[in-house]
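Report on the structure given below.
Note that ligands are numbered from 1 as they come in the structure, with each ligand's atoms numbered from 1 the same way. If you read the sequence from its start, that first residue is 1, and numbering goes on from there.
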Amino acid sequence: MNILLVEDNPTQSKLTSTILQRRGFEVDSAETLEQALKKLARPTFDAILLDLSLPDSDGINTFSRVHAITDIPVVVLSAQDDRDLALQAVRQGAQDYLIKGMLSTDSLIRCLQYSVERNRVENELRRGQERLRIIMDNSYDAFLSMNSDWEITGWNVQAQQTFGWTDKEAIGQSLDLIFPTHLKKQSLRSIEQQFLNNSNWNARTTRELLAIHKDGHDFPVEIGFFRIDAEPKPSYCAFLRDITKRIEYQEELEHLVQERTKSLTQKNEELRQFAKIASHDLQEPLKAVQGFVNLLEETANGNFDKDQKEFLGFIQDGTMRMQQLIKSVLIHSQIGNNSSENYTTDCNLVVEEVMADLAVSIKDTNTQFEVDWLPDINVEHSQMLQLFENLASNAIKYRSAKAPLIHFSAEESGDMWLFSVRDNGIGIDPEYKEKIFDMFSRLHGKTKYPGTGMGLAICKRIVTSHGGNIWVESKSGEGCIFLFTLPAIIAKTNAGAEK
Ligand code: ADP
């Protein structure tokens, strides 16, 4: 350990340095304050033994001058047994106040060792506090600490910027300074209550409240409160953030979303109306064409030659196909228009109806059905019928050489039902498993498999308009499983209804 011994009395200096050197200390001496300050310019010492009465300085001033330029621990070694002076020195940061000649060698050594250690801990603590202060002053959030009576005890730089009050103005004030009184009482009560109910030593809670600025305007803040349970009373800390911009942004966003939704709903409705009117209007000339073709057939009374008959057949096929297309477009455009919450449809009955509707083709193709128990669902009956019927008729239409086997089932999946309609038909190449749900999308020519390419698009529209999803799992030649989800009916119990 390196000691700087500041002592103007040569005998005393010799005595002390010999004692210390014998115990393995390195000792450097200074006889005046000026000499001492010069030596301290090179901070190679672990401790300073300082006599307060020097030729060029006397009393507490000697200590103050030394302490001002170094954080090396200082032990005062004085000839005067002066209690007041000793207290003054210790209050200002001296590690100890020793009186010459009243001290054993061991006590002096121990005192020096303890001083060095104590000083190291104090310096660490100081550095920690300084770091904390820097962090707090650079925080983007305002920080304030409060005592158990909610009086402000700490106030960082951001708090000053957020609320307009300096730390000097704020510290010691009640929270009224930044919260309108009525609100403060209400919210503090609820915060206190929450803390009371929470036995965690560092209970936390967050709130959005209205705060007031020094200039009188109020603004929304988000506050994170926490309690520090220290004896004898707890204290509170809070980080606050001005959320004016965030709230303005949220309101703007909400407004924008509302506007967009309104305009989209309007556009959707316009499109729906357009599709409805267009389909109706298209049907008129089509019916006229069909009517005149029939009239032509009747008037010709079988006098058409082979070619003419064939051409007439093409016209009839074309108009029929056009009629189917228009009908499908109309159905597609009308889905998603009505809220289905008021409907409860028993899917088991729907499947029975599908079998009745498809009775002829079922009989012709020897189709077998396997139907597991199916749930009730909040979807309009006609839409469920359309959905199941499109899938079932496709299963029959796209059959393989085997007699069709169609399996209906459903299982619960969270708050949805997962339905599946499985067949043993020709299957679908995985490459097309998404495309087939597009409007007018067909994988085969109309001669082999008649159709409009609208069936699955209608299925998709029914499912997605109820918040579900539809997809297919299949490999070419291995049949298909069409899977779709629909929301489960939420049981309306008394408790639920009260909520
Ligand atoms: P459409 O049957 O009128 O052509 P869909 O929209 O119902 O129209 O089906 C689209 C296409 O998906 C069909 O053309 C067919 O290629 C394929 N597809 C649909 N269902 C099946 C199925 N069960 N098995 C094999 N292919 C199917």
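Defined by atom type and a distance below 3.5 Å, a donor-acceptor pair is present between the side-chain atoms of D346 and N348.
Q308 places a side-chain N or O within donor-acceptor distance of the main-chain N or O of D305, the cut-off being under 3.5 Å.
Heavy-atom contacts of C480 reach the following atoms of ligand 1: 22 (C), 24 (N), 25 (C) (cutoff under 4.0 Å). Ligand 1 places these atoms under 4.0 Å from at least one heavy atom of L443: 14 (O), 16 (O). Atom numbering of ligand 1 starts at 1 in the shown order; those under 4.0 Å from a heavy atom of G451 are 3 (O).
Remark: R127 does not engage E130 in a salt bridge, criterion side-chain N to carboxylate O under 4.0 Å. A salt bridge links D137 with R133: at least one charged nitrogen is closer than 4.0 Å to a carboxylate oxygen. Taking a cutoff of 4.0 Å between a charged side-chain nitrogen and a carboxylate oxygen, E124 and R120 qualify as a salt bridge.
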Inset, instruction - Begin with the C-alpha distance, continue with both residues' side-chain angles, and end with the deciding distance and a verdict on side-chain contact (heavy atoms from CB on, under 4.5 Å) for L296 and F304. - result: CA-CA 10 Å; L296 208 63; F304 283 137; 4.0 Å; yes

Inset, instruction - Kindly indicate, with the supporting measurements, whether the criterion side chain to side chain donor-acceptor pair (under 3.5 Å) is fulfilled by S393 and E389. - result: CA-CA 6 Å; S393 59; E389 200 159 302; over 6 Å; no

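Heavy atoms of T452 come nearer than 4.0 angstrom to ligand 1 in at least one pair. Within the 4.0 Å heavy-atom shell around ligand 1 one does not find F437.
Considering backbone and side-chain atoms together, I426 places no N or O closer than 3.5 Å to any N or O of ligand 1. Residue K397 has at least one N or O atom closer than 3.5 Å to an N or O atom of ligand 1. Residue contacts with ligand 1: A457 is placed with no nitrogen or oxygen under 3.5 Å of a nitrogen or oxygen of the ligand (distance criterion only).
Here the heavy atom of the protein found nearest to atom 19 (C) of ligand 1 is N394 ND2, 3.5 Å. Ranking protein heavy atoms by distance to atom 12 (O) of ligand 1, first place goes to I436 CG2, 3.3 Å. Closest to atom 10 (C) of ligand 1 among all protein heavy atoms lies S441 O, 3.3 Å. Atom 4 (O) of ligand 1 has R442 NE, 2.6 Å as its closest protein atom, hydrogens excluded (heavy atom only). The single protein non-hydrogen atom nearest to atom 8 (O) of ligand 1 is G453 CA, 3.2 Å, given as residue, atom name and distance. Nearest protein heavy-atom contact of atom 2 (O) of ligand 1 is Y398 OH, 2.7 Å. With respect to atom 6 (O) of ligand 1, the closest heavy atom belonging to the protein is L456 N, 2.8 Å. Nearest protein heavy-atom contact of atom 26 (N) of ligand 1 is I428 CG1, 3.3 Å.
The aromatic rings of Y236 and W150 lie parallel to each other, their planes meeting at an angle below 30°, with 60° marking the opposite boundary.
Within the 4.0 Å heavy-atom criterion, the part of F482 lying near ligand 1 is the side chain and not the backbone.
Of all heavy-atom pairs between A142 and A159, the closest is CB-CA, 3.4 Å.
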